[in-house]
Each structure stands twice: as structure tokens, then as C-alpha cells.
Amino acid sequence: MKERFYVTTPIYYVNAEPHIGHAYTTILADFMSRFYAMLGYDSYFLTGTDEHGDKIDQAAKANGTTPQEYTDRISAIFRRTWTDLGIGFSDFIRTTEKRHVAVVQRILKKVYDAGDIYFGSYGGFYCVGCERFFTEKEMVDGKCPDHDRKLDYIEEKNYFFKMSKYQEWLIDYIEKHPDFIRPDRYKNEVMSLLKSEALEDLCISRPKSRLQWGITLPFDENYVTYVWFDALINYISALGWPDGDKFAAYWPASEHIIAKDIVKPHGIFWPTMLKSAGIDPYRHLNVHGYWNMQDAKMSKSLGNVVTPTHLVDRYGNDQIRYFFLREMTFGNDARFSEDVIIDRINFDLANDWGNLVNRLFNMVSKYFGGAIPPFDPAEPAERDDLIARFGSAARDYIGLAKVFQTSTGLEKLWEFIRYLNKYIDTSKPWQMAKEGNTARLSSTMRNLLEAVYAIAVLLSPALTKSCQAIFQALHAENKPRHPESVAALSILDTGKKITDPGILFPRLEKGSEEAGAPKKADTKKQGGKTMAAQSDGLVDISEFGKIDIRVAKILAASRIEGSDKLLELKVDSGIDERIIIAGIAKWYEPDAIVGKKILVVANLKPATIFKRTSNGMLLAAKATGSDAPVLITVDDAIPAGAKLG
Ligand code: MSP
């Protein structure tokens, strides 16, 4: 029988539309679900919306509508957003659905019958934003620290859940299951709460005189259930507790994902509720940090919101998935910045991974007419070494991603990707072609194509669309996708013609805030004609005239730390002194080119390369079959600034 994996997101409040914080958790859950499916697990993924309570009631009123109409509308927006983002949830639960309401009432009844619910009076400071009472210790200047809003003192008769009864049990359970809440810092947070003071019993009702928008208590129809008691139960109502097949199958494999804002309800309320109802605890609570914008916590109530759909329209779905999964170290906060998104796209996706795929496909078309060349055992190239390196990168990646450490996991794969780019540079397939060493060239290309396929398999839970494009381009849509099956780098069919997947990740320019969307710098298909090419492939003289090519003198040149490809050149263009970043470091020593006069495109839009702004491009030529650029130099008699034309 297949092992199982059950992953959940928090169910999101419908008092506002989805923002990037929600998108992150949902994308992470989607990645985890696809990742475990790739490992062969039977994976189930639940998300949904939390629709009861004061907060929703008030939002509906503020929008001049009824809670039902309002929740239907916003819940549909969440659902549509996730569908538009290609999120493959297995189920989407709404707490206003009958199937959920019935389970909440059944659990309340069970806990009540067990003697764990009593009627009493309570006074406390209530935050509508958090939907919970705050202890004096938790308040800051009489305010909720998360919502920066003065808390209302409320006193009323209510029902209470005897949470304190399970305090010792929970301490003991966490001690025996040290990764129940992870990473450790959040477990420690829960443990210190549990150990520092006696837990207060949890107020689990609201009188209908104050709030009607909730689930009626099965034992007192004048009250509705407290929204957290209602909401947490979604994780099992969606599985058809108590006797649904899905509950039996998936609950033992349950992995909750939440952010640090809701650790207390998930780390304390939920396990004690489950214990009282006679249900086993979830397997793990996985807690991530917060995305911060300009140092302020980003949330609906603070108003600094970027919508997920807007981001994906701007940068692309795989690009945003990659940014989220790579940029946040699980458990820690991360800074949200569009500049960093662009850097990740340009460096990791375009320069490393996209470049590897494109240059490899180019070489295979050039040297083998696009047909997947055979592996030649007489000249294995570095096959065993590549298999070993892939094996070790895959092991590291899988081990880390399994425990939600997507950032460090992806970094391990990237080390291998970068290695492959370097390997191409040092093994120089173009030289093999020149020397007629077809056997070695063929093995080299085949090993690399297999490595690209194997990496795409591992990356497919993260980069869902572009990896499919690679599978198609390699005619490998129906090939095995298990990491173990691809580890021998021996999957593809010799002789099949690969098809150009095009530029997978166009480089982007950084646009200023005011300028709006960053410009896609290179969106044309690879191999296609760039610029304003007409259908006959010709450009007219006025179009050519737009390009300002000038003579420039190299004043200084230096290597860029951390890059083996780039030189930073300071040139005198006749109009100004400017910096040009050029990918010629492998072929030119900086000192050898200072003083040379070269040709540059002077009116190219500035581009950010390796965190530097490059103003223009130098012209170089490459002989057929060679990758080495030769700078076009001009006679010293021609002054800097002279225009070509
Ligand atoms: N409805 C409750 C959850 C009930 S679960 C039984 C709730 N909803 S919420 O809409 O406020 O969503 C909170 C969750 O959204 C966080 O735990 C996290 O998953 C995600 N995030 C919201 N803002 C976020 C950031 N700025 N950064 C990271 N994640 C954030 O709480």
C-alpha cells in the first residue's frame, strides 16, 4: 500500500481578498503535495475558507450585504485565485457547508457529553481581528500587538472548554514527540506557554444576542460556537470524520502548515480539543515565518497588500513559486521585495537553469540536427561522475524538502545546475565537434540531456509549467517520474528529435516603482529574430537607424567577484563614461583589454546584471562552432564617440 501524505493550509478568513501571505502558504502546501506525490505517496491537499464569526459579520455589514452573500463572494475569489495559480488542491472546504457544520456539532456534543464543557461567566479583552481574548500579559499598551487596535473589555455568560485538564498531557506528548511542532523555536514557544502558567479554559461560545453568524451549539440554541473551535475542525470534517474512508486513510499522515501568527490555536487549542474528542493528534504542525514588507508585517488590516494574481501576471507563475520557495527559510521571516523577485528570476532561473537548458538544446540541434544522440560506451565522458553528483544533489534536496526546508533543498539542486554549466564550459563540446570527436560529443550531450530531464523531474513540484515544457521538448511526457527511476540518467529515447522549448525564463529589467511593471527584456522565442523583425526576416533602414552603435574606449576592466563569466568595464563612449557588464571573462584578461577601442550599443536600456547596472552592450563576434567571443576592435585613429552608420 502507498504511504500517505495529508497537507493542509489554514482556512483563510473571508473578510478580505487573498494576499501574498495566503499565496505563500498555499503554494508551499501545493509544492509539498506534489513533491510527496512525486516520491510515490498518495497525497491529499486541503485548503478552504473560514467564514463564521464577528470579523466576517462586520465585514459583510461594512460592505452593505448579508454574511451569506458576502462569504459566497469572497470564498469564490479565494477558490478562483488558487485555480488561476494552478494550485492542485484535492478539496476546498467552507465552514458554512453542511458537511462541516454537522461535524462541528457532533464534536461539541461529544466533548460536552465527556464533561469537558461547562457554563460560566467570563470577562476579558477581546480582539475582533484575532477572534480571541487576550491576557493582560499579551497586550501591548492596552492594544492587540498584531492589529494595533484598542481591545474591548467584554463580560458575558458563556460555555467553556476545560483546556486546562489536558495541559499536562500535552506537555508530555510534545516531550515524547519532539518534532510535533517544528521548527523548534515554535515548539519552544508553545512549551514555554504550557510550562509557565496554568492554561485558562477556552471560552467556546458567543451568545446569539451578540452574534448570530456561527454554528449553533447542539446543547444550547441561544449560543453559537466560537470561531476557532469551529474552524480547527475543518481539518477533519473535510475528511468525513468519524467514519469516512478519507479520515481513516489520511488523518494519521496529517501535516498542518500555518504561519507563526496562529501557533497558539493550532499548538494548544487543537490538540487538546482532539484529545477530549478521543481523536489522535495531527502528525506535525509546520510553522513558517512572516513575509514582511518594508519592515512592517503585511496583512489585510495594515493595508500594505500586493495581490497574488497581480504578481503572477507580472512575473509568471513558476517564477513566483520559485521565489517563494527559494527565498523564505522555513521558520524564519523573509522580506518581500520585487527587486529580489527579479534577481531570483534573472540569476537562478534565467542565468543558471534556463541557460543550461537552452545552450544544451542549441548544441544538440547544431551538432546532431536535434536528434537525441546515443550514449557511446567507448567514450563515456564523465557519466559516472555526473550520476554520482546528481545522486548526491537529489538526496540532499529530497531530505530537506521532505521536512519543508524548500529553500536549502533548492539550493542543493542549484549547486548541481551551476556545476553543469561549468562542466559545459570546461569540457568544451564545441571543440569536440571541431576535432571530430563524435563519440565523446555524443556521450556528453546525452549525459547532459539525461541530467536535465532528471533535474526537471525533481523540480517539477516547484516549477510546474516549465518542467512540463521540458518533458515535452525531450519527448519524455510519458517517462518515469520517480527520483529513483531517473537516478541512472538513462531515460530518454535515442534518435527522437528534441523541440525547442523557447526561452523558459526571460530576463527582466528592474523598473522603478513609478514606471510600473518591469519590462520583459527578451521575450522572443530562442532562435527567433529579435527586435522588430518583419515576417520576411528583414528590418528596414529606419529600424536599424534606431540603434546607436559607437566607438568606445575601455578605460578600466575588472573581474566581478562571484562570477566567472563577467567583467565590469568602464568605457569612454564619447558621450559619457559608463559601466558595461560583459560576459567575456573567460576569454579576456582584464588588463589585456584596457586601452582598446571597441564598438558598443550605446542606447540599450540599462540592465541589472549581478546587482550592477550595465549601460550598453559591447559587440563581439563568434566564429561558427565556437563559443568564444572576439571583441570587435577599431583603429586607434577613430575617436571614442564616433557613430557607426
Ligand atoms: N482563519 C484563520 C485560520 C483558521 S485555520 C483553522 C486565519 N485566517 S487568515 O486569513 O488570517 O490566515 C492566516 C494565515 O495566512 C497565516 O497563518 C499564514 O498561513 C497566511 N499569512 C497571512 N499573512 C502572512 C504573511 N504576511 N506572511 C506569511 N504568511 C501569512 O488566521
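When a ligand or atom number is given, it counts from 1 through the structure's own listing order. Index from 1, following the sequence.
- Close to ligand 1: Tyr235, with a non-hydrogen atom less than 4.0 angstrom away.
- Not one N or O of Tyr24 is nearer than 3.5 Å to an N or O of ligand 1, by distance alone.
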Test ring pair (Phe, Tyr, Trp, His ring centres under 6.0 Å) on Tyr122 and Phe160 and set out the steps.
CA-CA 9 Å; Tyr122 187 78; Phe160 290 84; 5.6 Å; yes
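- Of the candidates Asp333, Asp261, Ile258, Asp261 brings a heavy atom nearest to atom 17 (O) of ligand 1.
- Summarising the contacts of atom 1 (N) of ligand 1 with Ile56, Thr25, Asp50, Thr26, the nearest heavy atom is found in Asp50.
- Between His288 and ligand 1 there is a heavy-atom distance shorter than 4.0 Å.
- Ring centroids of Trp228 and Phe133 are separated by 6.0 Å or more, keeping the two rings apart.
- Annotation: Pro10 places no N or O atom under 3.5 Å from an N or O atom of ligand 1; distance criterion only.
- Among residues two or more places apart in sequence or in another chain, the side-chain contact (heavy atoms from CB on, under 4.5 Å) test is passed with Thr25 by Thr9, Pro10, Tyr12, Ile257, His288.
- Cation-pi check for Arg344 over Phe323 is not met; the charged atom does not lie both under 6.0 angstrom from the ring centroid and within 45 degrees of its normal.
- The distance from ligand 1 to the heavy atoms of Asn234 drops below 4.0 Å at these ligand atoms: 6 (C).
- Assignment of Gly289 to the shell around ligand 1 is supported, since a heavy atom sits closer than 4.0 Å.
- Across the listed options Tyr13, Tyr290, Trp228, Tyr13 owns the non-hydrogen atom lying nearest to atom 7 (C) of ligand 1.
- Across the listed options Thr49, Ile11, Ile262, Ile11 owns the non-hydrogen atom lying nearest to atom 2 (C) of ligand 1.
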